[in-house]
Asker: 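Quick one: structure below, then a few questions.
Note that the structure is predicted; figures quoted are calculated from it, not measured. Proteins get letters first, then strands, A, B, ... in listed order; numbering begins at 1 in each.
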2 protein chains.
Amino acid sequence: MTRVTLQTIADAVGVSRMTVSNAFSRPDQLSADLRDRILETAERLGYTGPDPAARALAKGSSGTIGLLFTDHLEQSFLDEIAARFLSAISGELAPSGRGMTLLSSRSKGDLVPTRDIPMDGALVYNCGAESEAVDWLRRRKLPLVFVDQEPVRGYPCLNVDDRGGARAAAEHLVRLGHRRIALVTRMDEPRVASSYTVTSRMEGWRAVLDGAGLEPIVVNATASTEDAGHDAAQALLDLPTKRRPTAVLAYSDRIAVGVMQAAQDRELIVPNDLSVVGFDDAFFAEHTRPPLTTVRQDVHRKGAEATALLMEAIGRPGPQRSDHRLLPTELVVRASTSRPGRPQASHR
Amino acid sequence: MTRVTLQTIADAVGVSRMTVSNAFSRPDQLSADLRDRILETAERLGYTGPDPAARALAKGSSGTIGLLFTDHLEQSFLDEIAARFLSAISGELAPSGRGMTLLSSRSKGDLVPTRDIPMDGALVYNCGAESEAVDWLRRRKLPLVFVDQEPVRGYPCLNVDDRGGARAAAEHLVRLGHRRIALVTRMDEPRVASSYTVTSRMEGWRAVLDGAGLEPIVVNATASTEDAGHDAAQALLDLPTKRRPTAVLAYSDRIAVGVMQAAQDRELIVPNDLSVVGFDDAFFAEHTRPPLTTVRQDVHRKGAEATALLMEAIGRPGPQRSDHRLLPTELVVRASTSRPGRPQASHR
DNA sequence: TTCCGGTACTGTACCGGTACAGCCATTCGC
DNA sequence: GCGAATGGCTGTACCGGTACAGTACCGGAA
């Protein structure tokens, strides 16, 4: 039993293959009567409709967009911010019926996702611009949109104003009167070049602190997790009281939570003994104890706009238009920051 | 400027198109010397390698697997259990270099993902077996694996022993001496048929309670969230003390947390005034106050095994082998359950 | 010398569709 | 009543690869 194709149906109905194709893909090209007969025959013969792979080749479009996340993709699902980004993309994409194909950048076999998987374009999120995976995408001349990473000439790029948000966070602390401020940044390994996001936030913080003539204490968290934040905080809390920072700017909310816990483990009161600022405004940030002061980014909008940019790039022929967009951030002041020093009453 | 294809390279080097194809896909079929020349020429002419779409058609394989989640896909990313499942899949898939294409079941346009997107097989998670989307996949005769839903004859299916876990949870409460037990189930809308998971858990609970001659109070949460759990608990907590349940079996950990909060809002002590059992053993379950007694499922294993089953089905020709696997669940007793009634000392 | 096996490459026939130009018969405008 | 527009269907030429069955040549064993 050979496979059922357009031709099978065409023969059965006694029309040309092209007419059957039209019955499925361009109903207006034939009479309703004939179309019904064709569809009915197709149904009877167990034909599912045009083969997607063949159609992709002939039309030059596969109906999917690729998503490249450098960070072990595996982890992205477990990271609230990445997950919200994915969620927004899927929401934006759903109406169009396109699929989203997640690409892993490290492939052990001979299949290289970014080179070998059919797609109409791709979103590159938080990857090194020079990674091999990205390079394949570029060489394929696919429409691309870069998100949360070093902008790439010739492509639409979408960034969050991490720098501005970090500045606002730092200014908030300085204005409260803090002088010994610590920065908890985030690097997997000391040697590796930091991600654009990490660098941007760092730059924002430093710009303000430098301006105020303050030299921050910098420590590193090896991951964006509570545990890593907790660990990183030890070095700060071990300092003699006089040199111990009175405030901490953390790369992420999860790290910030870890820092708060570390302080609380030592019977320190947040914010009086230690003010803590996070980043991202994760869902849990308003439910921590105390509720976390943080920098909000609109992750949903980031996903939706990135997707829209990509869809537009896919729709438009010719060279990509390379506009760089910057989404705003906003400082959200909650209860994890205050002026330094214990007030009269202390209530945990 | 026309596109660079295999033929372009073939002409430039002066060999047949087939030889160029082999240079890329089957290095052992030609001399190393010629291969180098071909690759070099390809590089020079800006040829990226075989076109994925064309290759997919010719080889009958696109290098991706589909993932169908009925629940608004958009939400799945934000649900820890679904996200962990996705994470496990991506981890299992990464070495092979395959992509995972997320399909949304509701498509407004003329593109129907499950019908029109190329893929080599699909994982169907928590969908109604009779949904239209699933139907397309079946008609395409794709290798499929069904996870966390009503097993489908003729396909490999993977389920978690929700029923057994629910039984264990209920037994735990009965053994502690609870007699007035409430069930918090989960349905979006009253009319809609419940998901298989919802039904299974419910059946497990009831089996035990029926056996013990207990008639549970049943309430519904409209989502698997803290807020929905909080809301659902009101009906229970509004009951006069003598009829108020002393224990609650919740569909999920998030719902359980909402229930605990509702109780605590009323100055009730968990577990003494109200014992609460969740389901899934989400990461946060051990950090709630009090730490949550729950039923653990191995989400990572679920994802890994489902993926392995699918890969195997894709590799094997012929009819699918339809084995149904059941992954174990395990009751994890923490501090949110105790015998009913206040003990001597009460410490929140 | 003949035969055999292996290596290196080629030619043809697909894979299963879609685009587009063309053909024929109506129908419409004037 | 005639040219032009329209509707409905067909034929051919791709889309860009891969599979498989050759062919040609070469070295070594019988």
Asker: Could you state the CG-C1' distance from A:D11 to C:dG16, rounded to the nearest angstrom?
Answerer: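 The distance from CG of A:D11 to C1' of C:dG16 comes to 14 Å, rounded to the nearest Å.
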Asker: Could you tell me the separation between the CG atom of B:D51 and the P atom of C:dC15, rounded to a whole number of Å?
Answerer: 19 Å
Asker: C:dC15 phosphate, OP1 or OP2: any side-chain N/O from A:R3 under 4.0 angstrom?
Answerer: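 Checking C:dC15 against A:R3, no side-chain N or O comes under 4.0 Å of OP1 or OP2.
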Asker: Whole angstrom is fine here: how far is it from OH in B:Y47 over to P in D:dG16?
Answerer: 10 Å
Asker: Expressed as a whole number of angstroms, how long is the span from B:L34:CG to C:dC9:C1'?
Answerer: 8 Å
Asker: Out of the candidates A:T307, A:D120, A:T64, only one should pair with A:R98 under the side-chain hydrogen bond (donor to acceptor under 3.5 Å, both in side chains) rule; please name it.
Answerer: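 Only one option passes, and that is A:D120.
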Asker: Can you find a donor-acceptor N/O pair under 3.5 angstrom joining the side chain of B:R17 to the base of D:dG17?
Answerer: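 Such a pair is found, so the answer is yes.
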Asker: Taking B:S87 for the side chain and A:F77 for the main chain, is one N or O donor matched with an acceptor at less than 3.5 Å?
Answerer: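 Side chain of B:S87 to backbone of A:F77, a donor-acceptor pair under 3.5 Å: no, none is there.
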Asker: Parallel, tilted or perpendicular: which describes the rings of A:Y125 and A:F85, with under 30° parallel and over 60° perpendicular?
Answerer: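 Parallel: the ring planes of A:Y125 and A:F85 meet at under 30°.
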Asker: Does D:dT10 have OP1 or OP2 sitting under 4.0 Å from an N or O in the side chain of A:S16?
Answerer: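 A:S16 to D:dT10 OP1/OP2: side-chain N or O found under 4.0 Å.
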Asker: Take B:L30 and B:A58, find for each the nucleotide of DNA chain C with the closest heavy atom, and name the residue whose nucleotide sits nearer the 5' end.
Answerer: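 Closest to the 5' end, via its nearest nucleotide, is B:L30.
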Asker: Remember a base hit wins even if backbone is also touched, and classify B:F24 as base, sugar-phosphate or nothing at under 4.0 Å, heavy atoms.
Answerer: nothing
Asker: Any salt bridge linking A:E312 with A:R316? Criterion: basic side-chain nitrogen under 4.0 Å from a carboxylate oxygen.
Answerer: yes
Asker: Where the side chain of B:Q149 meets the backbone of B:C127, is there a donor-acceptor pair that is under 3.5 Å apart?
Answerer: yes
Asker: Please state how far atom CG in A:L57 lies from atom C1' in D:dC15, giving the value in whole angstrom units.
Answerer: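 The distance from CG of A:L57 to C1' of D:dC15 comes to 4 Å, rounded to the nearest Å.
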Asker: Want to settle it: does B:G14 or A:L6 sit nearer the 5' end of DNA chain C, counting the closest nucleotide to each?
Answerer: B:G14
Asker: Reckon B:T19 touches a base, only the sugar-phosphate, or nothing at all at heavy-atom distances under 4.0 Å?
Answerer: base
Asker: Could you state the atom-to-atom distance from CD1 of B:I38 to C1' of C:dA8 in whole Å?
Answerer: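 Nearest whole value for this atom pair: 11 Å.
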Asker: For A:N22 and B:V20, find the nucleotide of DNA chain D closest to each by heavy atoms; which residue's nucleotide sits nearer the 5' end?
Answerer: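 Closest to the 5' end, via its nearest nucleotide, is A:N22.
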Asker: May I ask you to evaluate whether B:S25 reaches the phosphate of D:dG17, defined as a side-chain N or O under 4.0 Å from OP1 or OP2?
Answerer: no
